[in-house]
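First the proteins, then the strands, lettered A, B, ... as listed; each starts at 1.
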Protein chains: 2
Amino acid sequence: MAAKKKQPVTTDHSTEEKIKRAAKKLFTQKGYAATKTRDIAAEAGINIALLNYYFRSKEKLFDIIMLEHLQSFVQAMSVVMNDNDTTLEQKIEAFVANYIDLLIHQPDIPLFILSELRQHPKELVAKLDIRKFLLNSSLFKQLGEAMQSGKITPMHPLHFIMNIAGLVVFPFVGSPILMNVGSLKQKEFEALMMERKKLIPVWVKAMMKAK
Amino acid sequence: MAAKKKQPVTTDHSTEEKIKRAAKKLFTQKGYAATKTRDIAAEAGINIALLNYYFRSKEKLFDIIMLEHLQSFVQAMSVVMNDNDTTLEQKIEAFVANYIDLLIHQPDIPLFILSELRQHPKELVAKLDIRKFLLNSSLFKQLGEAMQSGKITPMHPLHFIMNIAGLVVFPFVGSPILMNVGSLKQKEFEALMMERKKLIPVWVKAMMKAK
DNA sequence: GTCTATATACGGATAGAC
DNA sequence: GTCTATCCGTATATAGAC
């Protein structure tokens with residue numbers, strides 16, 4: 001149960017880390033069921049026995065990967081949401097920029113989380129307890145005040161969340177189709193996403209005042 | 001190669017249809033790799049031998065299901081996009097309403113398509129050729145004109161597609177998390193989606209004029 | 001058409017040598 | 001810690017009886 005004292009992360013060439021990186025890559029791209037322990041071992045340049053030696057089972061290894069992904073996602077928003085020195089608009093800008101940066105580097109995360117979580121409701125999600133986290137946030141309070149004062153059109157706060165998440169995350173989830181539809185190369189797609197860092201906050205502002 | 005002459009669809013109790021329905025349900029919910037032919041057989045109330053008798057292999061069966069899903073998706077938009085008697089705004093309204101209705105009844109389709117398609121780029125997608133389909137559409141022409149005339153802010157048309165798709169589809173893809181965050185029951189979630197049928201067109205209009 | 005029984009392969013995990 | 005060899009359950013697919 002002793003917590004592991006681990007280093008700067010980036011340059012850890014230990015076998016354990018090699019396996020974890022290989023697992024993260026494959027699980028994230030192909031999902032739990034489609035990823036074989038043999039593939040992970042091959043990708044990591046070791047064999048299955050060693051995988052089980054370090055992580056005991058495929059499922060335990062998977063849980064670790066999933067948890068890490070969830071944390072990086074929650075972390076990206078927690079920093080922003082509870083900054084008491086920023087306005088609602090500034091929070092939206094920071095939020096959008098943070099996630100787009102994150103997703104440009106790791107575009108497979110959302111689809112991975114969403115599809116795996118659907119089938120294994122895992123207590124993990126309950127434990128992270130995004131709900132209370134959100135309700136108590138500075139962002140949420142500011143949103144309520146803005147609606148009260150009539151600065152933005154009153155609506156169910158979930159609409160607000162769905163809108164931002166949809167505008168930010170969906171393009172990455174649908175990138176294969178979108179790149180096909182637009183005949184885009186990877187770099188062109190990323191350029192569009194960079195544009196969205198500026199555009200989405202403007203759009204969201206307009207939406208919230210609409211009607 | 002003879003095309004099958006098939007009936008009204010809804011009430012087909014043939015063994016072949018029973019298997020297909022079972023397969024559709026399971027593949028859509030759990031994906032290709034996590035779905036076992038045994039499960040499909042059990043769900044259909046038959047055995048594996050019969051499944052292979054009708055469809056030859058798991059993969060062939062899967063391809064049929066995937067194709068049907070893709071077609072229902074393309075169809076839902078083709079009707080709307082090429083109606084020469086409607087304005088751009090009317091098309092957006094119809095488009096949003098059609099998809100939300102479709103997704104309320106079959107909420108698992110998008111996640112299924114998006115995650116399975118990522119790994120098996122299947123020529124299917126290329127064949128449906130959504131691209132040309134879109135570029136030649138009446139909707140696309142109207143969009144171009146509106147930007148030319150300055151009625152809406154010029155932007156890459158893909159932004160427009162991503163925005164609508166994100167606003168409409170994402171809530172369904174993320175529904176498990178969203179329902180948790182908002183402590184919603186299924187019916188409450190659906191009620192929000194019905195609200196969005198009215199709201200999204202208003203929002204989109206505001207977005208397109210922003211900045 | 002539909003079933004039971006079975007062939008064959010694959011995947012997760014462990015034993016035990018080094 | 002790391003490997004090879006292997007066990008054993010599971011999964012797809014087929015053979016062949018009815």
[options]: which one has an atom nearest the side-chain heavy atoms of [X]?
{"X": "Asn47(A)", "options": "dT12(D), dT2(C), dC3(D)", "answer": "dC3(D)"}
{"X": "Asn52(A)", "options": "dA13(D), dA13(C), dT2(C)", "answer": "dA13(C)"}
{"X": "Lys58(A)", "options": "dA13(C), dT4(C), dA11(D)", "answer": "dA13(C)"}

**Item:** Check: His156(B)/Glu195(A) side-chain N/O donor and acceptor closer than 3.5 Å
**Value:** no

**Request:** Examine the side chains of Lys91(A) and Thr86(A) and answer whether a donor and an acceptor come within less than 3.5 Å of each other.
**Result:** yes

Over how many whole Å does the gap from [X] atom [atom1] to [N] atom [atom2] extend?
{"X": "Leu61(B)", "N": "dA11(D)", "atom1": "CG", "atom2": "C1'", "answer": "15 Å"}
{"X": "Ile19(A)", "N": "dG1(D)", "atom1": "CD1", "atom2": "P", "answer": "11 Å"}
{"X": "Phe62(B)", "N": "dT12(D)", "atom1": "CZ", "atom2": "P", "answer": "13 Å"}
{"X": "Ile48(A)", "N": "dC7(D)", "atom1": "CD1", "atom2": "P", "answer": "15 Å"}
{"X": "Ile46(A)", "N": "dG12(C)", "atom1": "CD1", "atom2": "P", "answer": "13 Å"}
{"X": "Phe27(B)", "N": "dT12(D)", "atom1": "CZ", "atom2": "P", "answer": "9 Å"}
{"X": "Asp39(A)", "N": "dG12(C)", "atom1": "CG", "atom2": "C1'", "answer": "12 Å"}
{"X": "Leu51(A)", "N": "dA13(C)", "atom1": "CG", "atom2": "P", "answer": "8 Å"}

**Prompt:** Want to settle it: does Leu50(A) or Arg38(B) sit nearer the 5' end of DNA chain D, counting the closest nucleotide to each?
**Reply:** Leu50(A)

**Asked** Considering heavy-atom distances to DNA chain D, does Arg56(B) or Ala49(A) have its closest nucleotide positioned more toward the 5' end?
**Response** Ala49(A)

**Request:** Kindly say if Thr15(B) contacts the phosphate of dT2(C), meaning a side-chain N or O under 4.0 Å from OP1 or OP2.
**Result:** yes

**Item:** Side-chain N,O (Thr37(A)) to OP1/OP2 (dG11(C)) below 4.0 Å
**Value:** no

**Message:** Categorize Tyr54(A) for me: base, sugar-phosphate, or nothing, with a 4.0 angstrom heavy-atom threshold over every strand shown.
**Reply:** sugar-phosphate

**Asked** Within 45° of the six-membered ring axis of Tyr54(A) and under 6.0 Å from that ring's centre, is NZ or CZ of Lys60(A) located there?
**Response** no

**Prompt:** Are the charged groups of Arg21(A) and Asp12(A) less than 4.0 angstrom apart, N to O?
**Reply:** no

**Prompt:** Can the ring centres of Phe170(B) and Phe170(A) be said to be less than 6.0 Å apart?
**Reply:** no

